[in-house]
Asker: 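Quick one: this structure, given as structure tokens, is what I'll be asking you about.
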Amino acid sequence: MQNQYRLGIDAGGTFTDFILADRKGGVRIFKALSTPNDPTAAIRNGLKLIEEETGLSPETIVSNADLCINGTTVGLNALITHNGAKTGLIATRGHEDSIEIRLGHKEDGYRYDPDYPPATMLVPRYLRRGVAERVLSNGKVHTPLNEDDVREACRHFIREGVESVAISFVWSVLHPEHENRAAEIVREMMPHVRLTVGSQLYPQVREYTRTSTAIVNAYLAPILQRYVEAVDAYFRSLGARHPVRYFQSNGGLALGKVVSDQSVYAINSGPASAPQAALWLGQPWDMKDIITVDMGGTSFDITLTRDGRANVSKNVDFLRYRIGIPMIQVETLGAGGGSIGWIDSMGLMQMGPQSAGSEPGPACYDQGGEKPTTTDANLVLGYLNPDGLVGGRLPLNVEKARAAIKTHLADPLGISVEKAAYGMFTIVNNNMVNAIRRVSVERGYDPRDFVLNCAGGATAAHITALAREMGTRKVLISKLASGLCAFGQIISDVKYNYMAPAAARLEGAESAAKLNGLFNGLEARGREDLKSDGFTDDTISIRRSLDMRYVGQVHECTVDVDPFEVTEAALERLKAAFHARHEELYTYAEPNSAVEVVNVESAITGAVDKPGRMTVAPGKGAHSALKGTREMIFNADGIAHETPVYDGAALGAGDRISGPAVIQEVTTTIVIEPGWLAELDASGVYVLTLGAQTGAVQPQRATEVA
């Protein structure tokens with residue numbers, strides 16, 4: 001860090017998290033309720049809260065910060081609610097409906113479900129205009145662009161009040177001149193419209209993916225532009241000396257202008273920083289295989305790092321829309337603290353995906369919510385402090401929680417409130433475990449080989465139960481867990497992705513020269529862009545990937561490689577990497593079959609100075625942090641047992657606690673189930689181990705505490 005402070009802001013569905021780091025290694029976390037109708041209001045509220053607790057004014061923090069970083073759900077929320085910009089599409093005539101044809105099938109999991117409804121089109125049919133033009137698969141022009149068709153499309157869009165336009169032509173990645181000329185006409189006739197050109201945003205083979213990606217980008221661009229302009233203006237008014245950086249779905253930082261132009265990269269920006277934070281936490285133990293789970297108020301997000309690298313997905317369906325650009329793989333489901341419990345038509349209890357969110361929130365928040373949620377269940381089970389969350393600033397009403405569970409679940413099912421609460425806890429855990437398996441088992445990874453890392457304010461109450469179910473024996477929980485994604489942002493680097501189509505068999509000197517030239521060209525652009533942003537050669541690094549397949553296969557898989565000169569001899573290294581990845585994904589390889597490349601990509605990273613690591617003073621023994629006991633329920637019989645409760649703020653490095661127990665941090669509650677041992681490390685990380693009871697502090701009865 002070059003200046004006094006670094007500020008990370010992560011806007012979630014229920015809470016907006018703030019991480020403030022200083023040059024001395026001090027790191028503090030703050031939380032403010034999110035404001036979906038005005039996301040910048042949560043930023044102002046959070047900075048006001050920081051001022052109240054630290055005495056540091058927003059102007060002091062921002063004007064003395066080397067980086068202010070924002071991870072936002074603005075784009076995600078617009079896509080979920082279908083509240084994006086009014087968008088028009090200019091496509092090759094006859095291909096206007098490719099986004100509805102969707103390669104001829106529904107998404108995986110619903111392919112054979114006749115009742116599954118079609119996705120809502122971000123561009124309705126009357127705003128899709130076909131123009132005469134055609135490029136062949138060899139890049140040659142078959143039909144020249146009819147510019148009058150483009151002008152007529154613009155006149156139609158003007159009449160309809162279109163805010164944003166996407167252009168996507170067949171095989172434009174091999175001959176972008178038609179798209180570029182159409183873009184010139186749009187800019188001439190509609191100078192104030194936001195414009196997305198498919199071959200510039202996503203220069204990769206596959207027409208449907210490119211068109212869908214361009215449409216999503218165009219749909220979100222005006223929303224992100226307004227948001228970025230508002231945030232940038234606010235921080236400038238506070239005296240910011242450096243531009244705000246925004247977190248992208250690819251796991252790196254970018255300037256506001258980049259996010260405005262390439263809004264599709266900001267869709268999942270919040271949870272995409274979790275892998276970076278996980279690796280930082282695991283570094284003292286050289287942990288590189290980590291699954292991070294993040295349970296907030298609204299959703300549950302899972303990310304995975306293998307050998308120190310995050311899983312990256314391309315060409316995936318996200319919220320039912322195909323997106324081609326590289327994104328940190330984040331598996332998301334509606335399982336948060338606000339997830340609502342309900343009874344289905346078969347009389348079975350279900351949890352979510354409906355959420356009470358921050359307004360009105362769980363019933364125990366006493367803000368008008370009447371339906372039972374995960375938070376209400378955790379309160380009834382005794383896990384949460386009845387005096388309130390966030391250091392008591394958010395009081396909890398136990399009777400309201402019990403009443404909601406009794407009315408909507410316990411009485412209809414003919415069971416006690418306690419058993420219903422434990423049922424809610426178990427079901428939401430099972431939902432989360434299934435999602436973890438999609439990120440791990442279904443991608444060829446055994447979760448038992450990984451450490452489970454806790455993120456999000458609600459996760460720590462469930463983390464040992466999840467680990468037990470997955471067969472994972474070690475868990476990491478940082479004191480910053482409830483704002484871990486915001487922390488991940490302040491230790492992340494600037495990152496941009498550059499892509500090009502590359503149809504070539506991995507055979508012969510000509511193919512090698514082609515691939516080498518493409519990579520060198522992409523990386524020269526990346527270096528130039530980062531140098532203009534103030535980075536030097538010694539801070540710039542490169543990671544390459546290739547989309548490859550066996551000749552004759554329909555789909556390709558992405559293979560990551562380190563940079564090296566691609567010579568004819570080096571092609572064997574690429575083949576070997578592809579065979580290994582294919583076997584990892586599909587359990588077999590065909591070493592004697594010919595291999596071809598479809599697309600290439602270079603990820604260019606500019607390293608940012610990292611803040612100091614948190615340090616915790618040596619402890620005096622866990623007994624000194626014991627606050628008392630509380631009745632808690634740890635199994636389906638619904639019987640409560642007196643369980644010790646510890647003050648996390650009073651624990652020091654080396655202190656050990658054996659379950660069952662609860663550790664109350666200011667912004668999260670750690671539930672340690674029977675059989676687990678927790679030890680606080682000097683880095684501010686609780687290391688939980690299953691079955692490691694030697695030397696542990698044993699639970700104490702209430703009489704002993706007295």
Side-chain angles (χ1 to χ4, degrees), residues 75 79 82 84-107 118-137 139 142-143 145 149-150 153-154 156-157 162-183 185-186 193-221 261-265 267 313-327 499-501 547 554-556 598-599:
L79 200 58
H82 297 132
K86 192 171 187 178
T87 303
L89 170 67
I90 300 177
T92 302
R93 182 163 293 156
H95 290 255
E96 302 95 320
D97 298 322
S98 66
I99 60 170
E100 289 198 74
I101 296 172
R102 300 165 67 81
L103 302 180
H105 60 72
K106 300 177 181 180
E107 301 98 303
T120 300
M121 291 295 102
L122 303 182
V123 180
R125 185 61 179 84
Y126 77 98
L127 292 179
R128 295 178 230 147
R129 308 297 282 190
V131 301
E133 75 84 36
R134 187 58 191 262
V135 174
L136 302 179
S137 60
H142 179 273
T143 304
L145 174 67
D149 287 348
V150 179
C154 289
H156 176 67
F157 293 158
V162 164
E163 301 176 72
S164 191
V165 173
I167 301 173
S168 182
F169 294 159
V170 175
W171 288 111
S172 59
V173 292
L174 301 182
H175 185 86
E177 285 79 1
H178 284 183
E179 281 193 0
N180 293 339
R181 178 55 187 148
I185 295 171
V186 173
V193 82
R194 296 292 297 175
L195 180 61
T196 299
V197 180
S199 59
Q200 296 175 11
L201 175 69
Y202 182 69
Q204 304 270 260
V205 172
R206 291 199 177 279
E207 178 213 353
Y208 165 62
T209 300
R210 187 170 60 255
T211 302
S212 179
T213 304
I215 286 174
V216 172
N217 191 81
Y219 188 72
L220 300 179
D261 292 340
Q262 300 182 1
S263 300
V264 68
Y265 277 90
I267 286 177
S313 298
K314 294 170 60 176
N315 194 22
V316 297
D317 289 318
F318 183 83
L319 294 175
R320 305 199 67 188
Y321 302 105
R322 182 63 57 90
I323 296 177
I325 58 103
M327 303 168 64
M499 308 175 223
D547 293 335
V554 175
H555 298 288
E556 58 277 354
V598 179
N599 302 304

Asker: Just verifying a value: how many Å separate I215 CD1 and M121 CE, rounded to the nearest 0.5 Å?
Answerer: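 Between I215 CD1 and M121 CE, I get 8.5 Å after rounding to 0.5 Å.
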Asker: Determine, stepwise, if the pair F169 / H95 fulfils side-chain contact (heavy atoms from CB on, under 4.5 Å).
Answerer: CA-CA 8 Å; F169 294 159; H95 290 255; over 6 Å; no
Asker: So which heavy atom on P203 is nearest to which on P501, and how close?
Answerer: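 Shortest heavy-atom contact: O-CD, 3.2 Å.
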Asker: With a 4.5 Å heavy-atom cut-off, do I323 and Y265 have their side chains touching?
Answerer: no
Asker: List the steps, then state whether side-chain contact (heavy atoms from CB on, under 4.5 Å) holds for I167 with L195.
Answerer: CA-CA 8 Å; I167 301 173; L195 180 61; 3.8 Å; yes
Asker: Could you report the tightest heavy-atom contact between L319 and L79, atom names first, then the distance?
Answerer: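 Between these two residues, the closest heavy atoms are CD1-CD2, 4.0 Å.
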Asker: Please list all pairs passing the salt bridge (Lys or Arg N to Asp or Glu O under 4.0 Å) test where one or both residues lie in residues 90-104, with sequence neighbours left out.
Answerer: R93-D149, D97-R125, D97-R128, E100-R128, R102-E107
Asker: Any non-hydrogen side-chain atom of F157 less than 4.5 Å from a side-chain atom of V186?
Answerer: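 Not in contact.
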Asker: Taking side chain to side chain donor-acceptor pair (under 3.5 Å) as the test, write out the residues that go with H156, two or more places apart.
Answerer: none
Asker: Just one of D547, I325, V173 clears the side chain to side chain contact (heavy atoms under 4.5 Å, CB included) bar with Q204, so which one?
Answerer: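 Of all the options given, the one that passes is D547.
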Asker: List the residues meeting side chain to side chain donor-acceptor pair (under 3.5 Å) with S168, not counting sequence neighbours, and say none if there are none.
Answerer: T211
Asker: Of the non-hydrogen atoms in Y208 and L103, which two are nearest, and what is the gap between them?
Answerer: CD2-CG, 3.5 Å
Asker: Restricting to side chain to side chain contact (heavy atoms under 4.5 Å, CB included), what partner residues turn up for S137, sequence neighbours left out?
Answerer: W171
Asker: Mind checking what makes side chain to side chain contact (heavy atoms under 4.5 Å, CB included) contact with T209, not counting sequence neighbours?
Answerer: Y202, R206, T213, N315, R322
Asker: Check the pair R210 / S172 against side-chain contact (heavy atoms from CB on, under 4.5 Å), numbers first and verdict last.
Answerer: CA-CA 10 Å; R210 187 170 60 255; S172 59; 3.4 Å; yes
Asker: Return the set of residues passing side chain to side chain donor-acceptor pair (under 3.5 Å) with S164 (not counting sequence neighbours), or none when no residue passes.
Answerer: none
Asker: Show the nearest heavy-atom pair for residues V162 and G88, with the distance to one decimal.
Answerer: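 Distance-wise, the nearest heavy atoms are CG1-N, 3.6 Å.
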Asker: Decide yes or no on side-chain contact (heavy atoms from CB on, under 4.5 Å) for L122 and T87, but give the supporting numbers first.
Answerer: CA-CA 7 Å; L122 303 182; T87 303; over 6 Å; no
Asker: Can you list everything that forms a side chain to side chain donor-acceptor pair (under 3.5 Å) with T92? Sequence neighbours excluded, please.
Answerer: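 For T92 the side chain to side chain donor-acceptor pair (under 3.5 Å) partners, ignoring immediate neighbours, are E133.
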Asker: Strictly by salt bridge (Lys or Arg N to Asp or Glu O under 4.0 Å), give each pair with a member in residues 165-182 just once, sequence neighbours left out.
Answerer: E147-R181, R181-E184
Asker: Holding to ring-ring contact (aromatic ring centres under 6.0 Å, His included), I want the full list of residues that pass it with H175, two or more places apart in sequence or in another chain.
Answerer: H178
Asker: Are the side chains of V216 and I267 in touch, meaning some heavy atoms are under 4.5 Å apart?
Answerer: yes
Asker: What residues form a side chain to side chain contact (heavy atoms under 4.5 Å, CB included) with H142, not counting sequence neighbours?
Answerer: R134, L136
Asker: Might you point out which heavy atoms bring N599 and V205 nearest each other, and give the distance in Å?
Answerer: OD1-N, 3.0 Å
Asker: Going by side chain to side chain contact (heavy atoms under 4.5 Å, CB included), name the residues that satisfy it together with A91, two or more places apart in sequence or in a different chain.
Answerer: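 Per chain and number, A91 pairs via side chain to side chain contact (heavy atoms under 4.5 Å, CB included) with L89.
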